[in-house]
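What follows is a set of notes on a single structure, which appears directly below.
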Amino acid sequence: MKPKVLVLFFIAILVLSACGQKTLSDPITLHNQDQKEVTFPLEKPTVFFFITTYT
């Protein structure tokens with residue numbers, strides 16, 4: 001039963017990711033850990049790492 005659910009889950013993720021926008025029209029601006037704004041370029045691919053910890 002679990003392999004069937006996993007296959008359906010991955011197919012759903014594939015379909016949802018294929019239905020997105022091809023390109024973004026506005027640059028992406030986020031805040032870093034020092035609360036400074038960081039703008040990411042649209043010309044180059046960007047990888048985001050979100051690390052959430054509570055200490």
Tell me whether V38 shares a hydrophobic cluster with I28, the cluster being built from Ile, Leu, Val, Met, Phe, Trp, Tyr side chains joined at under 4.5 Å. yes
Can you sort out the partners of E37 under side chain to side chain contact (heavy atoms under 4.5 Å, CB included), two or more places apart, ordered by chain and number? T29, H31
Verify, without hydrogens or angle tests, whether D34 (side chain) and K36 (backbone) share a donor-acceptor contact under 3.5 angstrom. no
